[in-house]
Structure formats: structure tokens, C-alpha cells
Amino acid sequence: MFVFSALPALIAGHLLQSPADPAVEVRHLVLDSRRVGLPAGALFFALRGPSHNGHRYLPELYDQGVRLFVVEETAELPGSLSAYPGAGIIAVKSPLAALQALAAAHRAEFSGPVLAITGSNGKTIVKEWLAQLLSPDEDICRSPRSYNSQVGVPLSAWELNPERHTLGIFEAGISEVGEMARLAAIIQPTEGIFTNLGTAHDAGFASSQHKLAEKLQLFQGPQFRRLFYCYDQPLVRAAVAQRNIPGLSWTRHAGQPADLYFALDPNSTSGITSLHARYARVRLEAAFTLPFSDEPSIENALHCLAVLLHRQVEPAEIQRRLARLHPVAMRLEMKLGRHDSYLLDDTYNNDLAGLALALNALSRQSRPGRRTLILSDVLESGLSGEELYARVAALLPPAGVTRLVGIGPEINRYRHFFTLAPPAGHPPLTADFYPDTEAFLASLDPNAFAREVILVKGARRFGFERIVAALQAQQHGTVLEVNLDALSHNLQHYRRRLQPGTKLMVMVKAFAYGAGSYEVASLLEFQRADYLAVAYADEGVALREAGISLPIMVMNPAPDSFSTLQHYRLEPEIFSFDMLNEYLAAFPAEAQPSAAQPLSHSVAPPPIHLKLDTGMRRLGFDEADLPALAALLQQHPARLPVASLMTHLAAADEAEHDDFTRTQLAAFRRMAAVLEAALGHAVLKHALNSAGILRFPEAHFDMVRLGIGLYGVDASGRDAAALRPVSQLRTTISQIKTLPGGHTVGYGRRGAATEAERRIATLAIGYADGYDRRFGNGAGTVLIHGQRAPLVGSVCMDMCMVDVTHIPQARAGDVALVFGEGLPLPELAARIGTIAYELLTNVSERVKRVFVSE
Ligand SMILES: *Cc1c(COP(=O)(O)O)cnc(C)c1O
């Protein structure tokens, strides 16, 4: 525990203001005003990112009761210090460095072993599996999920409790040079695992060797004893030797000078792997069976096995634990529930850190309606029941939970914590309790869950997947899976390209390019985008009704929708004099303010966005229109409030037209200057779409308009590797038929006969789902068991057929990937002469969207 007054020395800061209680102890670290939990003892670090400034949230945090702050020396605080009476405030050069220094000091108070995991793949799984395998022997503190970043590692290390934990397991991930040394200083590992060196894109590094050298910096320092690594990775082996890192290596090849030899039985039956282990140093030979047979799982398990053998756990005991290894649910799945509900399915584990993360995900949902939490006993906390459930209860109001279903003996025993009056400003909580999952299911009325967001969070042994199954909407075989983490990743990728202060408008037209407008908009609101844009008024109305409050531009509003726009605070794009005149007619002069009758909010016309045509020749005012336009704007300043001036480029993604693009940008500058002079003040200006953002950094103006890039498709042709695919369209095999030679397939017998016998799979997707007819007859392909299967015959309304002769393991019910990882959209689009935009936006609304995040 650290007393606040001791911090300045620890984190190289100076005290700006002393707290009311000079002996106050720091208990929790807070980085996000939306995730405070208990304010007593909470210390907020005001971090700064490309588009984020933590200092802005000080007043809000103060109102929530937070009294301890670390701020940046040079930052201007909102309000003067007197706005924060009784608060302790420390100024430092870098709040991130201060957070890391505090975590490092905390880690140094722990004298037990700490194992650090890095590498390209498998970090989280190895960490989770090791925790499962060692939990009978140790009280383990581990990073929650994949908290392995510059911010995640200090938060994880802060959870180490010297009085109760006997082992720490933390993962470390880096994307840039210099980052690993900082993580190593926090973790101070005594042991380590290097999982593997992958070939994944790593823009921040010159080469694989460079990346490896950087990563191995984790395993240094006088306290470091042992690195577990695979001898069969030559680069890793050489680098470990060169740096004299003390190691324990394992190999799968006979005759290698590694410490451990694992001989895998090539004849293992499917689904399991038998192996023989030889650990010469302690003369141990033993046989093991792993409950899986895929390569990545085997590699991950062998790392764990090396650690267990080194710790001299009895082989028979190791085998018992291995048999119970269960897959790691890496992500929280968002599913459609019955009666317009949403389910956040997190039924893998339930410790305090995991619960806090899941509640964060819940609080991010801006969809209106009740927030329900179905919660089992919380395990592995090491706290007394009193303290644990007091903390759990304190987490619920800030996450907006208004209904709790508590399941399990422990939560029942401490139910009184959940019936206390909520803190000021929070609605009361209703709570029901059940002794076990069976009792809940027996009395479950699915109609009691409607139009709400339900977080289902339970430890494995409570079997909450049965609750999810009972509350989930029925799904037809085709699903569009949207990865919200990939979306956030892509958003950050573009943000990093912007100057500080440049605003970001995100295009969520056409159902957010097919991905689901509400969910995408909700995430963007959480990520603090500045503006959203849709094509039609209805789309904007739907977002407002779903609770989205960001400013929204409507690109093509019908004149008869102007009053709707006003009602829903939507801002029209205006591109012609006809529209301007209709706008003036919709908001007549009588409604204008006077000294006696100021304009009330409800009758003020919404701000407008003027579209200037600089070469697209589609919509917008021409240069010749400017005098008349300027005159109108001057004549009606209150009835035509201009929010922005915009233009759209015809060929932002095509280098051969760059000269033309530059003339468009020059025309835009010229035209905007004329209008700003007429208005007498500057307004927001914006011109660039996704490709333009990357290709014309000099023309970002005040705002950019991000579209397809957010959804993971690189339109600029230079950045594909840095983006993550967001959407994955999957369907299932309905039936497989074996066709003798000479038989045709489908309508018009267009699936031509072949001489040889074929296996044909019928898939549950057709053109009514948005699967293009042009994919028929061999033009398209899907992935089944990782192999490509070409289309046979025509695409029908609800189904299509593929040839799986070369995929003998294909069965009815198996998944077929239509697009996603391994089947990139640009390639598929090229096969039928279209563009990725069309494939994305064609996925019909009857296809269920499933949202996942890690
Ligand atoms: C759709 C759209 C964009 C975004 O284009 P992308 O190529 O998807 O980035 C930008 N501006 C306007 C006016 C648009 O209609």
C-alpha cells in the first residue's frame, strides 16, 4: 500500500495540492472516468492519446468522489485548483511513466516468483493454461484477458498482493521499439516463456531479428533465472545463446541438445495427442496425452508442460491436470437475445478483474433499456466474503446495472450488499437470488427479459452457457460476425494519421457498410469519434432512437424530412439552391429570435453542411454559384447556421488521377475562402475519405470522413497489412450429396456434369442473403475446413452449392466461410468485377449480426 504523500518521490512528480487527508492510501488505479468503481482511494492518471485527453474528465471524476489525481505538468486543468477542494493532485512530466513507475514500485514489494510471457502468438492461452495447471499449487495473480500493453501491464501488476499471492503470471506485448524495456521494468520477471516468433505484420520493427531482440529485453536483470523456449526455432535459439539468457529449452526432434525432448506419437487418434517426454537432467521419462491435436494448441501445451516438469510436479498429477485443460474463451461475445435484447456472453470465468472488464463492456452499450446482470459466485478473489461482495456491489451502479440475478450459495449469503441504497444519481437495483443454475432455469420466464442488455457472467462450473442458450434468439445458419476490437484497431490506425485537433467523422451509412449501424455507432461514441454520417434521415432517426447522441450529418435528406431532422437533432447536407430555399421555408422567419423572444432550442433550425462540387460532378454547389450562395448566407445568418463546408474527391484512391485530385483540393480551398469571408468567420472544412486520409495528409483540413477503412478494407492500396478485417460472413452446410459421374447440379442444370463422381455440399446462403449471383458456376469460392471449395451451378435465392470432393472431412452442419480471414473481400470482389463496398453493403438484413470483442 502506498500513502499518497509518498508518491511524488516515487513517480518523479511534485505536489500541486495536498489531499484533505494526508495519510490517505492509494487503493485503485483509474484511467477512465467511466470505470471508477469505488471512489475511495482511487487514483486517477490523466493519460493523453492521439485523440484523448484525460485531463478533460477531472471535473466529472471529482463529482464522482475521486480525490486523488496525477496530471501532466504542462496540461491546463479544467478550472483552477480551487475547483477541486480537498483533492490531492500531483504533477508529473508523463502520467503514463508515472503509472508505470508506481506499478514497478508495487511489484518490487512482492518477493515471490513472477513469470512473464511474450512472443507473437499464444501468450494469452499459455498464461491461462498455466494458471489452470498451477492453481492447485499456487495462489496466482495473472493479467486479465490479454492485458499486455503499456497500460495493461501496470494495471495487471498493481493487482499483485504480497500477502496472498504466491506467483504472478503476466503477458507482455509490444508494437514499437523501446516498449519492452519499460514493461520489463514493471514486471521484473524471475522466469519467462517465449512462445514463438511469428511472421505477423509488425510495422514498428525493421526485421524479425530486430523484433526478437526487442522482445528478449523482457528477460534480463539480476533477478531473472530461467527462460522456457522452444529449441526448434533457430532465430530464438541463437538470440538466447548470444545474450546469455539462462534458459530451459525443449525440442520435438531427437538428438538435439535441448533440456527436454518431447516425442509426439504420429499415430495419435484425432482430437488427442500422445507424447513421450524425456527430461535428462532429472532422469525423468513419462508419457502424456493432450486433449487436442491442432498445432497451435500442442505448441502452447508443450510450453506449459516444460514449466510443470521443471517444477517437478508428479507426471501422474500433470496428466490429471492436462486432462482437465479447457479451451480459453478469448472474447466476450455479443449475441442477439429474444425480444430485442442483447446478450453479453462471458461464461468462461468469474473473478473480480474479469467481472470489472465485463461490466465495462456493459457500460459501453448506449442502447436504451434496462441493464441486467446474471452473476454467479465470484471465485479466486482471495478476499473475505464480506469484502468481496461489498466490492462487487460497488461495481454495479457505475456500470448502470439496474437488475441483478445472483446465482450460487456465496452470493446468496451476501445478498444484503445488493439491497443497499444506491449512491446519489444512480437508480435502485432490483435483485433476485437462486441457489444454483438449475433453480434459475426451472423458474425462468424468457418473456421477463425484453428490450434490455443482459450480461451473463458466471464461473465455468455454474454452466451458464445453458442460460445463454435459453435467452438467445434463434439463428438461421448464416451469420455475419463483426469484430469490434478489429474495428477499434482500425479506428486507431486512422487516428494516428491525424494531427491533434483534427476531427473525425465516421460514415455509418448503409447500415454501417453492412456491419450494423447501432453497434458500430455505439462503439464510435465510446471511442469518442466527433461526428457520424448517414445517407438518409431514417438512418439518423434509428440511431437517435437507439440512444446515440453524437452529432449526425445526413447526406441526402428529403426536403419533407426537415422537421424530423430538427426533432432528432440531425444535421442536413445541403447541396442545391432548391434545398436551401426549402430549408428556409421549413424554418420561417417568424420563428426567428428577437430581444423580446429569444429563439427556443426546439425551433432553431439544425446546423447545415454545405457540399461544394469541385470535380465529382454529382452533388453540390459549383464555383459559379458562390456569389448567390454567399448572399443568401449573409441574408439569413440565424436561419442558415453553417456547421461545415465539404467536398468529395472523385479519385482519392487512384494515383493516376492525383493531379486532378489536387485541382479539386485547390478549388475547395478557394471556394471555402470565399464563403468564410462572406460569413465573417471560419467553419469546419472537410474533404477526405479513407483513401484520401492516407494519401493526402496535407489536406486533412479540420475534419476527415472515414468510411471503408474502418471496416478493414484498404482503399489506398498501401496499408492492407495494418488493417484488421472486421466482418466475417459464415454459413453452414445443410446437406452433402455424392453425385455419380454424369449428373448436373441445380437450376437449369447449369452445374455441368463431370465424368468423375463428386461430393456436392449445399450451403444455407443465397442471393436473398446478399450472396451475389455472379459468384455462381465457379466464379466464387468458400472456405471449408480451411480449404477452398468452388461454387457449382447457379446461386439460388436461399442456398448455393459447392464442390467438396477434395475435402473428405466435410459434413452437414460444418461451417463455410463466405468472406473474412483467408478470403479477403478485395479478392472476391475482383472475381466478379465489383468492389468490396458492394459485397459488404449487400449482406441482407435477414442475416444475423453477431458482435464479438476480446
Ligand atoms: C461514403 C463517403 C465517404 C467515405 O468513403 P470511403 O471510401 O468509404 O472512406 C466520405 N465522404 C462521403 C461524402 C461519402 O459519401
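Position 1 is the first residue of the sequence, and the numbers go up from there. Start at 1 and go down the list; that is how both ligands and their atoms are numbered.
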Scan residues 555-578 for pairs that pass ring-ring contact (aromatic ring centres under 6.0 Å, His included), counting only residues two or more places apart or in two chains.
->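 Sorted pair list: Phe562-Tyr583, Phe577-Phe621.
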
Among Met507, Met555, Glu573, closest by any non-hydrogen atom to atom 3 (C) of ligand 1 |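 Nearest heavy atom to atom 3 (C) of ligand 1 lies in Met507.
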
Counting heavy atoms only, name the option from Met553, Met646, Lys509, Lys611 that's nearest to atom 14 (C) of ligand 1.
->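 Residue with the shortest heavy-atom distance to the ligand atom: Lys509.
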
With a cut-off of 6.0 Å (strictly less than), are more than 12 heavy atoms of other residues, nucleotides or ligands near OH of Tyr536?
->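 Check fails, neighbour count at 12 or below.
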
Counting only heavy atoms not in Glu821, do more than 12 sit closer than 6.0 Å to its CD atom?
->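 Incorrect, the count does not exceed 12.
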
Please identify each residue that fulfils ring-ring contact (aromatic ring centres under 6.0 Å, His included) with Tyr147, with sequence neighbours left out.
->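 So Tyr147 forms no ring-ring contact (aromatic ring centres under 6.0 Å, His included) with any residue.
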
Starting from [atom], what is the nearest protein heavy atom, named by residue and atom, and what distance separates them?
atom: atom 9 (O) of ligand 1; value: Ser690 OG, 2.5 Å
atom: atom 5 (O) of ligand 1; value: Asn689 CB, 3.4 Å
atom: atom 7 (O) of ligand 1; value: Tyr837 OH, 2.6 Å
atom: atom 12 (C) of ligand 1; value: His648 CE1, 3.3 Å
atom: atom 8 (O) of ligand 1; value: Tyr513 OH, 2.6 Å

Between His489 and Arg724, a side-chain donor and acceptor under 3.5 Å =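 No donor-acceptor contact under 3.5 Å links the two side chains.
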
Does a donor on one side chain sit under 3.5 Å from an acceptor on the other, for Glu571 and His609?
->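 Short answer, yes.
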
Okay, side chain of Asp659, backbone of Arg662: is any donor-acceptor separation there less than 3.5 Å?
->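 No: the side chain of Asp659 does not pair with the backbone of Arg662.
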
What do you reckon, does Gly707 have a nitrogen or oxygen under 3.5 Å from a nitrogen or oxygen of ligand 1?
->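 Min N/O separation from ligand 1 is below 3.5 Å for Gly707.
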
Hey, does Arg705 come in under 3.5 Å of ligand 1, counting only N/O atoms on both sides?
->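 Yes.
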
